[in-house]
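All values reported here derive from a predicted model rather than from experimental measurement.
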Amino acid sequence: MPADQTAQSQISSLIEENRVVLFMKGTRSFPQCGFSATVVQILDQLVPEYHTVNVLKDPDIREGVKSFSNWPPIPQLYVEGKFVGGCDIIREMFVAGELQTLLGVKDDIKAPAVTLTAAAQKALREAGAGAEGVLRLGVSTRFEYDLALDELRSGDFEVDAGGVTVLVDRMSAKRADGITIDYSNENGGGFRIDNPNEPPRVRPLKPAELKEMLGRGEVAHL
């Protein structure tokens, strides 16, 4: 059987055997493009299990799935044997609640609680003097933060953060819940974000510091 026919057969089998299949670049735990990462982020919020296919590992599958769906971009999502779309379509469906309905899951995403300290509010007023827009808070899957003035978009939560409205998109909502944004003048000034959802960050240690900690028995393993 020619390689292209073999790939088509494999793709057809994968779609038939798995209710939700995502053809992507990379894996669920390590997406290798931003579009794939976005779809993984959305699906992770909605379904505990789904099948992923890393098209970077098989050029025949990568090209075959494009002709199979007649849709060139990757990633591609299939649900119950039907092609749903790529990153932009999935994101739009998620925001509109259509993806939740398609997957048969309840949308339990709610507006997050966000706190802006008095110092942060003052800094924002000074920085945004004369500018148009509403403050938007974004939190990526890697807990990278984005603060910028923006306009209201479909699906956004409008959060009252102590008298200041903050826009949070549905993809950031769960990671943003409980955030406190402060401002400090130390080291040239800057915003400080305290997020209870963020995993512990890796703290660099100098050899001398590590030696002292080992001597005090504070480090069990590295």
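Across Pro112 and Ala173, no two heavy atoms sit closer than the pair CB-O, 3.4 Å. Contact record, Asn54 with Gly26: OD1-N, 2.9 Å, taken as the closest heavy-atom pair. The minimum heavy-atom distance between Gly162 and Gln121, with the atom names listed, is O-NE2, 3.1 Å.
Other residues sharing a hydrophobic cluster with Leu167 under the 4.5 Å side-chain heavy-atom criterion for ILVMFWY residues are Val134, Leu152. In this structure, Leu56 shares a hydrophobic cluster with no other residue, the cluster being traced through Ile, Leu, Val, Met, Phe, Trp and Tyr side chains under 4.5 angstrom apart. When hydrophobic residues (I, L, V, M, F, W, Y) are linked wherever their side-chain heavy atoms come within less than 4.5 Å, Leu149 remains an isolated member.
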Quick one: do Val40 and Leu22 satisfy side-chain contact (heavy atoms from CB on, under 4.5 Å)? Show the steps, please. CA-CA 8 Å; Val40 164; Leu22 177 64; 3.9 Å; yes

Pair Leu77, Val21 - check side-chain contact (heavy atoms from CB on, under 4.5 Å), show working. CA-CA 6 Å; Leu77 179 66; Val21 184; over 6 Å; no

Check the pair Thr6 / Asp60 against side-chain contact (heavy atoms from CB on, under 4.5 Å), numbers first and verdict last. CA-CA 9 Å; Thr6 300; Asp60 291 334; over 6 Å; no

Let's go through Val65 and Ile74 carefully: what are the C-alpha distance in whole Å and the side-chain angles of both, what is the deciding distance for side-chain contact (heavy atoms from CB on, under 4.5 Å) to 0.1 Å, and is it a yes or a no? CA-CA 9 Å; Val65 74; Ile74 301 292; 3.7 Å; yes

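Counting only residues at least two apart or on different chains, the salt bridge (charged side-chain N to carboxylate O under 4.0 Å, His left out) pairs with a member in residues 80-91 are Arg19-Glu80, Asp88-Arg91. Residue pairs satisfying the salt bridge (charged side-chain N to carboxylate O under 4.0 Å, His left out) criterion with at least one member in residues 28-42, sequence neighbours excluded, are listed as follows: Arg28-Asp44. Sorted by first then second residue, the salt bridge (charged side-chain N to carboxylate O under 4.0 Å, His left out) pairs that include residues 176-190, not counting sequence neighbours, number zero.
Among residues two or more places apart in sequence or in another chain, the side-chain contact (heavy atoms from CB on, under 4.5 Å) test is passed with Lys174 by Gln45, Asp108, Ile109. Thr38 pairs by the side chain to side chain donor-acceptor pair (under 3.5 Å) definition with nothing, not counting sequence neighbours. Applying the side chain to side chain donor-acceptor pair (under 3.5 Å) rule to Asp169 yields the partners Ser172; only residues at least two apart in sequence or on another chain are considered. Shown here are the salt bridge (Lys or Arg N to Asp or Glu O under 4.0 Å) partners of Glu209, two or more places apart in sequence or in another chain: there are none. Residues that satisfy the side chain to side chain donor-acceptor pair (under 3.5 Å) test with Tyr183, not counting sequence neighbours, are absent from this structure. Judged as a side chain to side chain donor-acceptor pair (under 3.5 Å), and not counting sequence neighbours, Arg192 has no contacts.
Looking only at side-chain heavy atoms (C-beta outward), Val105 and Val47 come within less than 4.5 Å of each other. Side-chain contact between Tyr50 and Val79 is absent, with no heavy atoms from C-beta onward closer than 4.5 Å. When side chains are defined from C-beta on, Leu103 counts as touching Leu43, because their heavy atoms get closer than 4.5 Å. Between Ile61 and Ile11 the shortest side-chain heavy-atom distance falls below 4.5 Å. Residues Thr117 and Ile181 have side chains not in contact (no heavy-atom distance under 4.5 Å, counting atoms from C-beta outward). Side-chain contact between Pro75 and Phe23 is absent, with no heavy atoms from C-beta onward closer than 4.5 Å. Residues Met171 and Phe94 meet the side-chain proximity criterion, which asks for heavy atoms closer than 4.5 Å. Val166 is not listed as a side-chain neighbour of Glu158, based on a closest heavy-atom distance of 4.5 Å or more.
The main-chain N or O of Asn197 is found under 3.5 Å from a side-chain atom of Asn195 such that the two form a donor-acceptor pair. In this structure, Ser36 contributes its side chain and Lys25 its backbone to a donor-acceptor pair below 3.5 Å. Remark: the backbone N or O of Gln5 is not paired with any side-chain donor or acceptor of Ser9 at under 3.5 angstrom. Judged by distance alone, with hydrogens and angles left aside, the side-chain atoms of Thr165 form no donor-acceptor pair with the main-chain N or O of Ala161 at under 3.5 Å. For the pair Ser67 (side chain) and Asn70 (backbone), a donor-acceptor distance under 3.5 Å is absent. Checking side-chain atoms of Gln76 against main-chain N and O of Gly85 turns up no donor-acceptor pair under 3.5 Å.
The distance from atom NZ of Lys122 to atom CG of Leu116, rounded to the nearest 0.5 Å, is 15.0 Å. To the nearest 0.5 Å, the span separating CZ on Arg175 from CZ on Phe143 amounts to 6.5 Å. Taking OG1 from Thr115 and CG from Asp194, the interatomic distance works out to 10.0 Å, rounded to the nearest 0.5 Å. Considering NZ of Lys57 and OG1 of Thr27, their distance stands at 9.0 Å, rounded to 0.5 Å. Gln100 contributes atom CD, which lies 5.0 Å from atom CG of Leu46 (distance to the nearest 0.5 angstrom). Distance check, rounded to the nearest 0.5 Å: CZ of Phe191 to CG of Leu137 gives 11.5 Å.
The environment of CZ in Phe35 is sparse: at most 12 heavy-atom neighbours from other residues, nucleotides or ligands sit within 6.0 Å.
Looking at Glu16 and Tyr78, their side chains never bring a donor and an acceptor atom within 3.5 Å of each other. Side-chain contact check for Ser140 and Gln41: no donor-acceptor pair (N or O, by modelled atom type) lies under 3.5 Å.
Between Asp156 and Arg136, at least one side-chain N (NZ, or NE/NH1/NH2) sits under 4.0 Å from a carboxylate O, which counts as a salt bridge.
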